[in-house]
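Below is one structure, written out as structure tokens; the observations come after it.
Counting starts at 1 for both ligands and their atoms, following the listed order. As the structure is a prediction and not an experimental result, all values here were calculated from the model.
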Amino acid sequence: MMGGLGSRTSALERLGATATGDPLDLLVVGGGITGAGIALDAAARGMSVGLVERMDFASGTSSKSSKLVHGGLRYLEQREFGLMREACTERDLLRRLAPHLVEPIPFVLPVSHRSARAKFGVGLWAYDALASFKNLKVHKHLDGPEVDQLVPALPPGKVRGGYVFYDCKTDDVRLVMEVLVQAVRYGAIAVNHACVRDLNSGASGCSALVEDVETSQLIDVRARRIVVAAGVWADRLEALAKDGSEPRLRPSKGVHLVFRKDQVPVTDAAAFIPDVSRKRMLFVIPWLDHVLVGTTDTSYSGPLDHPSVDAEDRAYCLDSVNAIFGLGLTENDVAGAYAGLRPLIAGKKGSTADLSRRHAVYEIEPGILGITGGKLTTYRRMAADAVDRIAGDLGNQSRCRTKWIRLGSSDPERLRVAVDRRARKLGVPSEVVTDLIRRYGDRSLEVLDVGAAEDLLSPLVPGETPVAAEALYCAREEMALHLDDLLSRRTRLSLLDPAAGIGNGSRAPELMAGAFGWTKAAQARAVESHRMTIENERGLPLRPAAVPPAPDIRSSDLGAG
Ligand code: FAD
């Protein structure tokens with residue numbers, strides 16, 4: 001049995017049936033990594049589970065991370081030893097559960113002062129020790145030329161050596177999708193574009209008023225327990241369930257700029273550069289044939305929906321990367337940019353960079369739990385904590401099984417052979433195969449089948465690896481309803497392509513229109529809506545040359561699609 005998330009219509013019907021029939025054991029609010037992890041854990045323990053996501057799956061912080069599955073070297077400074085140990089263990093487990101998606105990556109930490117060398121040397125010994133020396137490899141000291149070789153973009157002679165240590169990288173959205181697909185295989189119901197408008201708990205159980213955002217239809221969903229896994233929106237949901245609740249969260253903002261690999265010459269190694277004077281770090285991470293340049297947190301008090309990379313963020317990243325690597329990059333070189341908000345639990349200390357990355361599970365009202373904080377890397381442990389508590393309440397004796405549940409690929413080597421064989425027959429190049437496997441694991445063969453049946457094996461966007469068949473596959477099997485779902489999350493083209501996947505020659509609008517029967521005007525509205533979303537996110541216009549001709553529509557038509 002394969003397939004993805006199943007039919008959205010029937011998922012909504014099943015949720016609606018709980019109003020008069022049997023309630024769910026558990027309703028999960030929020031389709032980021034935390035909610036997805038809880039849905040899988042609970043479904044695998046035999047509970048009946050529903051998950052509703054207000055926008056698209058992973059559209060919150062879970063698509064805006066630095067894409068690392070890591071122990072978190074910099075948490076050493078905060079003496080978060082327990083968290084680091086837990087994160088190292090989870091990283092190693094995730095590598096085994098999702099080897100097609102969680103890849104080891106060497107990190108170079110260049111140092112230019114003797115004092116820094118001693119400090120980081122001690123820190124890295126502690127990092128390896130906390131992972132019980134089970135890190136992918138133990139860290140190593142490098143001399144100047146060795147650093148230059150691994151990070152050729154660093155101007156020669158500027159550093160006095162450094163260290164190399166090992167962590168992992170992933171595609172955060174695809175990790176969420178793999179966890180959700182597994183949850184659905186265990187019987188969970190998952191629906192995106194379904195927003196919780198009200199939450200109630202009483203003697204007879206809990207209920208949520210859910211709006212299908214596509215049709216504005218309201219559905220009453222009943223469940224024995226509800227868990228709110230709504231990331232930075234958790235306080236809003238708590239306020240729906242309980243009058244006068246105090247905010248628990250202090251969101252912090254992190255931004256990333258994306259460049260072509262030849263613009264920031266790195267090898268396969270990432271660089272981790274402490275900017276001691278401003279208490280921020282700069283990561284330079286090779287990712288999907290591009291390079292992510294990102295920073296750590298700054299305090300944030302702006303709107304929670306659609307955070308944007310502002311001029312100051314861009315200037316900080318550009319100035320830092322230019323100064324460190326001796327480059328002359330400008331805003332015109334930015335291929336993509338994104339901002340994310342970290343759901344940090346409010347603490348007493350001053351800066352958000354000092355707040356703990358730990359998670360908290362708490363009772364909002366009887367029967368309604370909340371969970372927030374934590375990291376992408378530790379989602380499985382977070383889920384287990386929440387579900388242990390719920391299972392105990394419901395008298396379910398089963399223990400957490402997710403340690404043994406593979407995510408998307410049961411045998412990557414055999415899979416590669418099978419997909420290669422099929423791709424060769426269809427004339428699909430090897431780099432496309434690599435990317436397909438990374439995105440869909442065992443389901444890559446299904447994507448190729450769609451491509452062969454519909455004659456859609458050419459690129460979705462000229463010069464990029466996703467194939468046109470992915471538009472249909474994601475619409476049919478992964479609930480991609482909008483251009484943004486397809487381009488920002490399922491394929492990540494909005495991060496990698498300066499024209500965000502809607503430039504000249506893109507087949508995405510026409511294929512999504514075909515899949516959902518959009519009129520020409522609806523197709524034009526969808527393109528415009530995606531353009532506005534990405535321009536707001538980047539804080540920059542899409543590259544003019546790549547923008548398609550202005551759609552021939554009235555302004556009153558805008559806003560849907
Ligand atoms: P989210 O992903 O935000 O999910 C919450 C979901 O709830 C959203 O999709 C939202 O739409 C939904 N929701 C809200 N209201 C409602 C409603 N009314 N009804 C239904 N649904 C609703 N961690 C790592 O391990 N590695 C990293 O490299 C890393 N890098 C990071 C870099 C940055 C810049 C940031 C900000 C964080 C980073 N993190 C990293 C942390 C990690 O990304 C987050 O901890 C994690 O993604 C949070 O997931 P979540 O599911 O709790 O929240």
Side-chain angles (χ1 to χ4, degrees), residues 27-39 50-72 74-75 83 86-87 90-91 94 102 105 167-170 172-173 175-176 179-180 191-199 208-211 213 221 226-241 249 251-256 270 281 283 285 287 292 294-298 300 304-307 309 313 338-345 352 357-360 370-380 382-383 386 489:
L27 177 68
V28 184
V29 181
I33 191 66
T34 310
I38 292 172
L51 176 148
V52 286
E53 160 55 48
R54 178 174 77 126
M55 295 197 264
D56 187 20
F57 302 120
S59 58
T61 309
S62 299
S63 51
K64 315 286 170 67
S65 79
S66 305
K67 331 280 181 225
L68 298 177
V69 174
H70 64 155
R74 71 199 164 91
Y75 308 141
L83 178 63
E86 181 177 286
E90 289 301 304
R91 176 196 60 197
L94 270 176
V102 178
I105 179 173
D167 262 319
C168 290
K169 63 178 173 177
T170 190
D172 42 9
V173 172
L175 186 61
V176 174
V179 175
L180 279 174
V191 184
N192 57 355
H193 301 288
C195 178
V196 169
R197 299 285 182 207
D198 201 8
L199 285 174
L209 189 65
V210 178
E211 181 188 345
V213 179
V221 182
I226 291 179
V227 62
V228 171
V232 288
W233 294 271
D235 287 339
R236 283 195 197 163
L237 269 296
E238 184 161 356
L240 288 181
L249 295 179
S252 73
K253 179 183 178 190
V255 301
H256 292 82
M281 299 272 179
F283 298 104
I285 305 167
W287 189 74
L292 304 181
T295 68
T296 47
D297 312 308
T298 49
Y300 182 74
L304 298 182
D305 295 354
H306 312 298
V309 179
D313 299 326
Y338 60 96
L341 302 180
R342 214 181 270 271
L344 295 180
I345 300 161
T352 47
R357 267 62 177 162
R358 290 195 167 280
H359 66 273
I371 178 166
T372 191
K375 331 181 337 149
L376 191 78
T377 308
T378 52
Y379 81 89
R380 202 195 60 82
M382 295 170 65
R489 285 169 291 280

Side chain, backbone, both or neither: the part of K67 lying under 4.0 Å from ligand 1 by heavy atom: backbone
Side chain, backbone, both or neither: the part of A229 lying under 4.0 Å from ligand 1 by heavy atom: backbone
Candidate with minimal heavy-atom separation from atom 30 (N) of ligand 1, of C195, S66, C168, A234: S66
Partner of H70 by side-chain hydrogen bond (donor to acceptor under 3.5 Å, both in side chains), out of K375, R91, E90: K375
T377 N/O to ligand 1 N/O under 3.5 Å: yes
Selection from L68, D305, L376, T61 by shortest heavy-atom distance to atom 23 (N) of ligand 1: L376
Residue portion contacting ligand 1 (non-hydrogen atoms closer than 4.0 Å) for A58: neither
Nearest-option assignment for atom 49 (O) of ligand 1, heavy atoms, candidates G32, G31, G374, S62: S62
L341, portion touching ligand 1 at heavy-atom distance under 4.0 Å: backbone
Test item: D313 side-chain N/O and V255 main-chain N/O as donor-acceptor pair under 3.5 Å: no
Distance under 6.0 Å and angle within 45° of ring axis: K67 vs Y338: yes
I33, any N or O under 3.5 Å of ligand 1 N or O: yes
Close N or O approach (S65, ligand 1; < 3.5 Å): no
For atom 36 (C) of ligand 1, the option (of R54, R342, R236) bearing the nearest heavy atom: R342
Contact with ligand 1 for V232, non-hydrogen, under 4.0 angstrom: no
